[in-house]
Enquirer: 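Mind looking over this structure? Questions follow.
Indexing begins at 1, ligand by ligand and atom by atom, following the structure's order.
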Amino acid sequence: KESYAAWLQYKKIDDAALLKEYQTWTENIVSLSDSIVIESAQNELSKALSSMLDIHPEVSSGLKPKNRIVLATMKEFNLLDNEIDIDFKQINEDGYMIKSVSTKGNKTIYLLGKRDAGVLYATFHLLRLMQNRESLKDVNIIESPKNQLRMINQWDNMDGSIERGYAGKSIFYKDHSFSEDFNRIQDYARLLSSVGINAIAINNVNVHEVETHLITASFLPKAAEVASIFRAYGIKTFLSINYASAIQLGDLETADPLDSKVKEWWKNKAKEIYRFIPDFGGFLVKADSEHRPGPFTYNRNHADGANMLAEALEPFNGLVIWRCFVYNCLQDWRDRSTDRARAAYDHFKPLDGKFHENVILQIKNGPMDFQVREAVSPLFGAMPQTNQMMEFQITQEYTGQQKHLCYLVPQWKEVLDFDTFANGESSPVKHVVDGSMFPYRYSGIAAVSNIGNDYNWSGHTLAQANLYGFGRLTWNPDLQAETITNEWIGQTFGQDELVNEHVSHMLLKSWEIYEQYTSPLGVGWMVNPGRHYGPNVDGYEYSVWGTYHFADRDGIGVDRTIKTGTGYTEQYFRENTKMYDSLETCPDELLLFFHHVPYKHKLKSGVTVIQHIYNTHFEGVQEAEELKERWAALKGRINSERYEDILNRLEEQVEHSKEWRDTINTYFYRKSGIADEQKRKIY
Ligand code: BDP
């Protein structure tokens with residue numbers, strides 16, 4: 001099925017001239033290297049060429065054949081006998097070069113990587129060019145990923161459920177054990193490595209009873225099999241661990257990170273794991289957060305906790321990825337100093353320089369929790385002596401749960417481009433997490449996956465674009481959103497211009513549209529507690545989880561300023577503190593994240609806050625309707641399975657956006673008593 005193949009469609013080339021051209025370039029495959037990763041590259045090529053070009057080239061290791069694709073890493077490059085002049089210094093460890101050379105009677109495409117992973121990435125890039133019908137003449141591509149770790153976090157549980165999953169059940173687990181469908185996992189690995197992903201944590205950060213046993217002999221053999229599938233695609237496997245494993249699995253009475261028995265236990269555990277998975281990536285850890293155990297229980301800090309694990313993994317070059325999503329979800333909401341937005345910075349900033357070299361702090365993009373819009377976490381750039389990486393959420397927990405269209409690449413780009421001023425002007429987040437601003441040993445970008453065992457992986461077929469876009473952006477955060485979008489559409493739906501125009505417009509506008517009919521001006525939430533879907537303005541307002549809009553009859557918004565508020569604005573570098581702290585300079589879209597203002601406060605756009613709420617909610621619904629119409633205009637141009645699927649979701653989105661509009665508008669009309677200037681119907 002088309003939707004299963006996602007962006008690796010490999011549709012038959014129907015333009016006869018182009019077909020001929022491609023066939024000539026690819027008559028033979030010469031592979032100078034030999035490894036499981038190279039084998040994956042060869043298999044992908046064979047599969048794609050037979051389906052796109054109807055040819056079945058033999059793979060050989062001799063250089064003789066003409067009209068060929070040559071696969072080689074730096075190590076075997078000398079075998080080419082100076083056929084071409086190439087400088088491997090131009091690329092980094094995961095980088096690659098693609099060069100096409102045409103002489104009389106012989107055409108060659110070189111796919112060259114420093115290591116075998118690069119050759120695989122080059123292969124996928126070549127196939128992308130062909131899927132997008134580009135000419136293979138004079139190709140000269142030099143690519144290196146900007147980020148070292150390009151990681152996916154699965155939030156899969158072993159009972160087969162997925163925390164915050166909206167696309168069916170887990171492809172990894174079933175009935176408290178590993179799933180037997182390893183083909184599906186392999187297809188997932190292909191999708192991931194085609195966009196350059198090189199690491200994956202295969203279980204939920206909330207590690208329950210069963211998953212705690214993943215690091216024991218009961219499950220390690222299967223985990224090792226899964227790791228070997230990913231290994232063949234250049235992807236390292238990580239596991240999320242339970243901080244209290246030493247108690248639960250080791251019968252110790254404590255999980256105190258400074259206790260020598262606890263240290264010993266983890267050292268032995270690490271040895272055991274590496275016996276099963278020699279290139280195991282390491283641990284992903286959620287500690288002292290949302291009722292998970294952690295070092296706080298023993299009056300130790302998070303550096304103590306992380307370093308104890310880091311020592312155990314050090315001999316094997318393993319990493320500890322320690323999440324900064326740490327806050328007290330049982331706080332007293334009347335005490336403003338407990339502002340949840342402050343938590344990560346307050347906990348971690350004082351520990352800068354105290355972590356081992358193989359610890360990386362994984363920080364959510366915003367200080368709260370993956371809202372449709374929130375400020376960028378002030379922790380980025382604030383710890384020059386501690387490895388940091390980004391955590392995004394591909395799964396649409398707060399952004400419509402893959403029933404609504406919400407393409408997140410534009411949001412991620414904004415975050416990555418945000419200037420932290422950590423090192424003076426032009427210190428964007430992307431230069432923190434790619435390790436170029438401070439001398440980080442490890443860094444990168446991770447994201448929570450949006451896939452499950454639905455036949456189309458992502459529930460909403462257009463949500464595939466978020467997974468694709470995440471990978472591409474992580475490879476190169478400088479890519480334009482439009483470029484990524486067009487690449488994806490071409491590979492997924494082919495070369496129909498109208499399809500391209502409409503789908504690209506739909507995707508690129510969708511985040512803004514979703515924001516319009518949901519929570520306004522950066523205030524966030526207003527969702528049903530627990531499942532986080534659908535409007536409920538006061539859902540979390542008086543809850544201990546600590547997320548508020550503070551709306552009363554006079555005004556709305558959270559005062560996070562220094563003088564009168566929670567003081568959160570002070571966590572930024574001076575320039576940003578100034579910008580956010582002042583009503584005059586705080587950008588409209590984040591106004592209610594930083595300030596509590598009267599409903600009649602005038603925005604920079606010229607309208608009042610209350611009028612803005614009304615306007616955006618009416619407009620948002622209208623634009624959701626336009627999304628549907630744009631899609632409907634493509635009937636007949638897209639195969640009916642995908643067409644109908646997407647249409648159904650868009651229809652549901654339209655209906656649901658009306659519920660949002662009416663709930664929000666009515667609530668604020670009644671609270672404020674201020675009528676809509678345009679006298680539209682508010683219930
Ligand atoms: C929140 C989710 C919750 C996760 C938590 C986390 O609602 O299910 O466990 O984040 O990131 O977004 O740990």
Side-chain angles (χ1 to χ4, degrees), residues 151-159 161-167 169-170 200-212 238-244 283-294 296 302 305-306 320-331 340-341 343-344 347-348 360-375 377 379 389-402 406 408 411-412 415 445-452 466 470 518-519 524-534 536 539-540 543-547:
M151 185 167 191
I152 285 290
N153 291 176
Q154 296 298 136
W155 280 3
D156 296 36
N157 301 315
M158 293 191 79
D159 64 3
S161 66
I162 302 176
E163 178 144 349
R164 311 305 177 188
Y166 311 106
K169 297 265 184 203
S170 173
I200 187 167
I202 59 171
N203 64 301
N204 188 3
V205 288
N206 292 318
V207 184
H208 310 288
E209 177 67 34
V210 208
E211 294 89 21
T212 301
F238 289 66
L239 290 169
S240 299
I241 55 125
N242 177 345
Y243 187 78
F283 300 141
L284 174 61
V285 195
K286 172 176 181 176
D288 289 316
S289 171
E290 301 183 335
H291 312 293
R292 306 313 303 154
F296 284 165
H302 280 223
V320 175
I321 301 181
W322 190 272
R323 297 179 81 228
C324 293
F325 186 64
V326 176
Y327 70 103
N328 180 0
C329 57
L330 294 173
Q331 62 192 316
R340 175 170 164 183
H347 283 306
F348 287 94
I360 313 173
L361 299 184
Q362 182 168 303
I363 307 164
K364 285 193 184 185
N365 60 272
M368 299 297 268
D369 193 10
F370 300 136
Q371 300 304 296
V372 63
R373 185 181 300 271
E374 58 182 289
S377 170
L379 203 48
M389 67 189 282
M390 168 66 74
E391 176 176 323
F392 285 129
Q393 196 184 42
I394 310 174
T395 193
Q396 292 170 237
E397 176 177 359
Y398 292 95
T399 49
Q401 307 201 345
Q402 279 130 263
C406 190
L408 293 164
Q411 187 204 52
W412 299 331
V415 173
I445 307 185
V448 184
S449 178
N450 65 346
I451 70 104
N466 278 328
F470 169 73
T518 57
S519 69
W525 271 276
M526 300 191 174
V527 287
N528 282 302
R531 64 194 190 108
H532 300 166
Y533 188 69
N536 183 344
Y540 276 113
S543 113
V544 291
W545 290 75
T547 54

Enquirer: Backbone or side chain, does any N or O of Asp369 fall under 3.5 Å from an N or O of ligand 1?
Expert: yes
Enquirer: Treating Gln402 as the side-chain partner and Gln396 as the backbone partner, does any N or O pair qualify as donor plus acceptor under 3.5 Å?
Expert: yes
Enquirer: Does Gln393 reach ligand 1 with a nitrogen or oxygen that is under 3.5 Å from one of the ligand's nitrogen or oxygen atoms?
Expert: no
Enquirer: Looking only at side chains, do Asn153 and Gln362 share a donor and an acceptor under 3.5 Å apart?
Expert: yes
Enquirer: How close does the nearest protein non-hydrogen atom get to atom 7 (O) of ligand 1, and which residue and atom is it?
Expert: Glu397 OE2, 2.5 Å
Enquirer: May I ask you to check if ligand 1 and Trp155 share an N or O to N or O distance below 3.5 Å?
Expert: no
Enquirer: Pairing donors with acceptors under 3.5 angstrom, does anything connect the side chains of Glu211 and Asn204?
Expert: no
Enquirer: Checking the N or O distance criterion of under 3.5 Å, is ligand 1 in contact with Glu391?
Expert: no
Enquirer: Is the contact between Asn206 and ligand 1 made by the side chain, the backbone, both, or neither, using heavy atoms and a 4.0 Å cut-off?
Expert: side chain
Enquirer: Which is it for Leu239 and Asn203 under the side chain to side chain contact (heavy atoms under 4.5 Å, CB included) test, yes or no, and what are the steps along the way?
Expert: CA-CA 6 Å; Leu239 290 169; Asn203 64 301; 3.6 Å; yes
Enquirer: Do the ring planes of His302 and Phe296 sit parallel (below 30°), tilted (30 to 60°) or perpendicular (above 60°)?
Expert: tilted
Enquirer: Quiz question: by atom type and distance under 3.5 Å, do the side chains of Tyr166 and Glu397 form a donor-acceptor pair?
Expert: no
Enquirer: Distance under 4.0 Å to a non-hydrogen atom of Phe325: what atoms of ligand 1 satisfy this?
Expert: 5 (C), 6 (C), 10 (O), 11 (O), 13 (O)
Enquirer: Tell me which protein heavy atom sits closest to atom 4 (C) of ligand 1, plus the residue, atom name and distance to 0.1 Å.
Expert: Glu163 OE2, 3.5 Å
Enquirer: Under 6.0 Å between ring centres, would you say that holds for Tyr398 and Trp525?
Expert: yes
Enquirer: Please write down residue, atom name and distance for the protein heavy atom closest to atom 10 (O) of ligand 1.
Expert: Lys364 NZ, 3.0 Å
Enquirer: How far is atom 13 (O) of ligand 1 from its nearest protein heavy atom, and which residue and atom name does that atom have?
Expert: Lys286 NZ, 2.6 Å
